[in-house]
Amino acid sequence: MSPALYSLPMRDSGFRKTLETALNSAMLYLNSLDRMPVASQVDRATLRRRLAKPLTESGVLPEAVVADLARDVEGAIIGSASGRFFGWVIGGSLPAALAADWLTSTWDQNAALYSCGPAAAVVEEVAGSWLKELIGLPTEASFAFVTGTQMAHFTCLAAARHAVLGRLGWDVEKKGLFGAPPIHVLSNGQRHGSVERAVRYLGVGESNIVNLATDSFNRVIPTALERALNEFASSPMIVILQAGDICTGAFDHFETLIPLSRKHGAWVHVDGAFGLWAGTSPKYRDLVRGVERADSWTTDGHKWLNVPFDSGYAFVADPRAHSESMSHRAAYLTHDEEARDQIDWNPEWSRRARGFATYAALRQLGRRGITDLVERCCEHTRTLVTRVSELPGVEVLSRPVLNQALVRFTSSKAEASEQDHDSKTDEVIAAVAATGEAFFTSTTWHGRRAMRVSVCNWSTSADDVDRAVMAFADVLNHSKRTRPEQASLAG
Ligand SMILES: *Cc1c(COP(=O)(O)O)cnc(C)c1O
């Protein structure tokens, strides 16, 4: 099919008005991000009143549906696409990735099989190789483009379950887990909750997770791992390590822990939802040294790579363990032996052709652009934390090693208690969000309330960091100064 085929004179397909309405809304939104309050401005009751319209018998014109939708959600779209959003671990969307994501919906390919979406299959093939090379994973590793790290864990741990039981002659795909030797999952005790959910989905059971002791930065203590590996040596073992703790950004010491685990016959899985991207930068690569010797890895596209949501990646060092746990053959499916059918690697059947957005993001940035993105976010994190720490009543609990940090705000009351500091911390976070200038989220860390700082948006600029610091200064100095240029989208 030549591109010329697309440029023949065409009758209007009837989509134009609706898509133009969407484009106009999108541009209005994107061009206002800089001025818009970054937190939601609308309460739940209002939102429900606006959206719970009567569902009509005869439907509504498509362009009216889109126009209503854009109007009704106004003020309740949290500014996570903005460079002033520092909550959780959330990236924005690169222009090329966003546009490719629109086209993905337009083309509406079912990316289960090559024969059902040839371009979608080849784009994943290409982007998968790029990702392995950029992050520094073995070139022979297999991969899957999934919805996020949650499903990437599921995919990788299905391969792990297959392999560790297979070594004992137990075919888990055929026999299931009833009567199987119990698997022990030796995990960083401060893991992300998506790990235990994957363990649950796979029928291994949360009570078979052994929490490994961690140091004050949430890194596995090597002797704790060694003890557990010896204690559970008679059962199949999966070790779960972290590249990037969501609070501290800290990395497990892969160079020590991975060879140790493998020596004991354990499968090593690494949660690198954002942290694996450290591998793309010469400045931060040391943090992931030795990670390539693991058996499986997960990371996200929708966080640091700034692909729209619905983008995570699973990588497995042993492609056989991976495909044997996922693949399926059926007479009515048209398998192409020469091609890569995604159904052999992915847990889904029908699925979105999500590789296009990743492919576009990688091409927009290029190698240097990816390294710059990672290094710039880390630099902004450091600047933000340093400047906020110079304000009165600020305690830095965890300095950034990458793009995450923890800060606590202390009460100036005489003989203030830990509870007073906890309350102060929550108050400051809420007050900063209320300024509309910046958005941060909180956690409880070693029993104390703390504010998390996370920078992973491609568009975060020095000016955004400035505005965030000024918001803290305003709040901490109780000044009533407001920024005149801060208008709502409606204004
Ligand atoms: C975000 C995150 C996850 C979960 O990833 P999803 O993409 O939300 O499924 C898992 N682990 C870590 C460390 C994370 O930051």
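For the single chain, residues carry numbers from 1 onward in sequence order. Just follow the structure's listing: the first ligand is 1, and inside any ligand the first atom is 1. Computed over heavy atoms, backbone and side chain alike; hydrogens, waters and symmetry mates excluded.
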Quiz item: Can you list every salt bridge (charged side-chain N to carboxylate O under 4.0 Å, His left out) pair that touches residues 398-410, not counting sequence neighbours?
Solution: R408-E418, R408-D422

Quiz prompt | R452 versus V89, closest heavy-atom pair with distance | solution = NH2-CG2, 3.4 Å

Quiz item: Using 30° and 60° as the class limits, which term best fits the ring planes of F309 and H302: parallel, tilted or perpendicular?
Solution: tilted

Quiz item: Do you see a donor-acceptor pair shorter than 3.5 Å between the side chains of R191 and N211?
Solution: yes

Exercise. Would you please write out the protein residues whose heavy atoms approach any atom of ligand 1 to under 4.0 angstrom, listed by chain and number?
Key: G148, T149, Q150, H192, S194, G244, I246, D271, A273, F274, D300, H302, K303

Practice problem: Over 60° means perpendicular and under 30° means parallel, so classify the ring planes of F86 and F440, tilted if in between. | Solution: parallel

Exercise. Please report the closest heavy-atom contact between R376 and W458, naming both atoms and the distance.
Key: NH2-O, 2.8 Å

